[in-house]
Amino acid sequence: MAGVRAGLLRAMGWQVLLLLALCATGARGLYFHIGETEKRCFIEEIPDETMVIGNYRTQMWDKQKEVFLPSTPGLGMHVEVKDPDGKVVLSRQYGSEGRFTFTSHTPGDHQICLHSNSTRMALFAGGKLYREERFRLTSESTNQRVLWWSIAQTVILILTGIWQMRHLKSFFEAKKLV
């Protein structure tokens, strides 16, 4: 079983860790950089009826801290595989971390192309999801406070009514009207 292990994609703030396990002989590793909108293709000779499995992970590169950040929602990979005849075997969008598989039905050089779906819009989407989550939590907290304030007002209103009825009853009893 051949393996393409540890491909690293890091440019324009993005990295993809790619682990491909190719069912052929030997094992090889790949390390590569790719930009946000770049496409990276590899040509692999794959025998007939061979299952190919690829594992990957995308991460955001923090230029200021020079570290990789955990995966951001909205990031992912697009994988496209073509057989030796140029026919598309696989063309699919995947999430920020995952696995893709395909089976070769024709022996020969297969073209495996990867590109990140990350753009400035993905960053915007990730930030938007974060803001939406914060807004939801703030709304739930505010809703809870309003509920308790309403309950407190109702209790105060009922207690005030009871006090007024007792006070008026004692007033009318003192005047001998009741």
Side-chain angles (χ1 to χ4, degrees), residues 1-140:
M1 182 186 262
V4 178
R5 180 147 171 89
L8 196 53
L9 163 67
R10 179 180 79 166
M12 302 294 281
W14 303 104
Q15 171 220 353
V16 172
L17 185 59
L18 177 68
L19 304 169
L20 283 175
L22 300 174
C23 295
T25 58
R28 292 169 298 221
L30 291 175
Y31 179 81
F32 58 93
H33 295 270
I34 192 168
E36 280 184 286
T37 56
E38 282 184 72
K39 186 176 189 178
R40 183 64 52 118
C41 295
F42 304 95
I43 296 176
E44 274 301 316
E45 186 172 343
I46 302 173
D48 191 18
E49 299 302 323
T50 303
M51 180 184 278
V52 178
I53 302 168
N55 295 306
Y56 66 91
R57 181 176 64 208
T58 60
Q59 290 181 309
M60 196 162 108
W61 176 254
D62 187 341
K63 291 179 183 178
Q64 293 173 341
K65 296 179 184 175
E66 295 191 3
V67 295
F68 291 109
L69 302 174
S71 291
T72 306
L75 297 182
M77 290 295 298
H78 180 81
V79 180
E80 184 177 87
V81 179
K82 292 182 181 178
D83 68 5
D85 300 328
K87 195 167 73 176
V88 176
V89 177
L90 173 72
S91 180
R92 187 167 168 209
Q93 193 74 32
Y94 291 92
S96 62
E97 186 171 350
R99 170 186 225 181
F100 62 89
T101 60
F102 70 92
T103 303
S104 67
H105 298 291
T106 308
D109 291 339
H110 285 68
Q111 184 180 34
I112 303 169
C113 295
L114 309 164
H115 64 90
S116 174
N117 70 347
S118 63
T119 62
R120 303 274 178 225
M121 291 304 290
L123 271 177
F124 174 73
K128 183 179 176 186
L129 290 175
Y130 175 73
R131 285 192 311 272
E132 285 176 359
E133 177 69 14
R134 278 187 36 220
F135 181 73
R136 184 184 64 78
L137 292 173
T138 303
S139 296
E140 287 176 358

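- With sequence neighbours excluded, the residues that form a side chain to side chain contact (heavy atoms under 4.5 Å, CB included) with R136 are E133, E140.
- Here CD1 of I43 is found 11.5 Å from NE2 of H110. Values are rounded to the nearest 0.5 Å.
- Listed by chain and number, the residues in a ring pair (Phe, Tyr, Trp, His ring centres under 6.0 Å) with H78 are H115 (sequence neighbours excluded).
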In a table with atom names and distances, give each donor-acceptor pair under 3.5 Å that connects a side chain of residues 80-88 to protein atoms at least two apart or in another chain.
residue : atom : partner : partner atom : Å
D83     : OD1  : D85     : N            : 3.0
D83     : OD1  : G86     : N            : 3.1
D83     : OD1  : K87     : N            : 2.8

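- With sequence neighbours left out, the side chain to side chain donor-acceptor pair (under 3.5 Å) criterion links Q111 to no other residue.
- Rounding to the nearest 0.5 angstrom, the gap separating the CZ atom in R92 from the OG1 atom in T101 is 8.5 Å.
- Using modelled atom types, one side-chain atom of S104 and one backbone atom of P47 make a donor-acceptor pair closer than 3.5 Å.
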Step by step, would you call V79 with F102 a side-chain contact (heavy atoms from CB on, under 4.5 Å)?
CA-CA 11 Å; V79 180; F102 70 92; over 6 Å; no
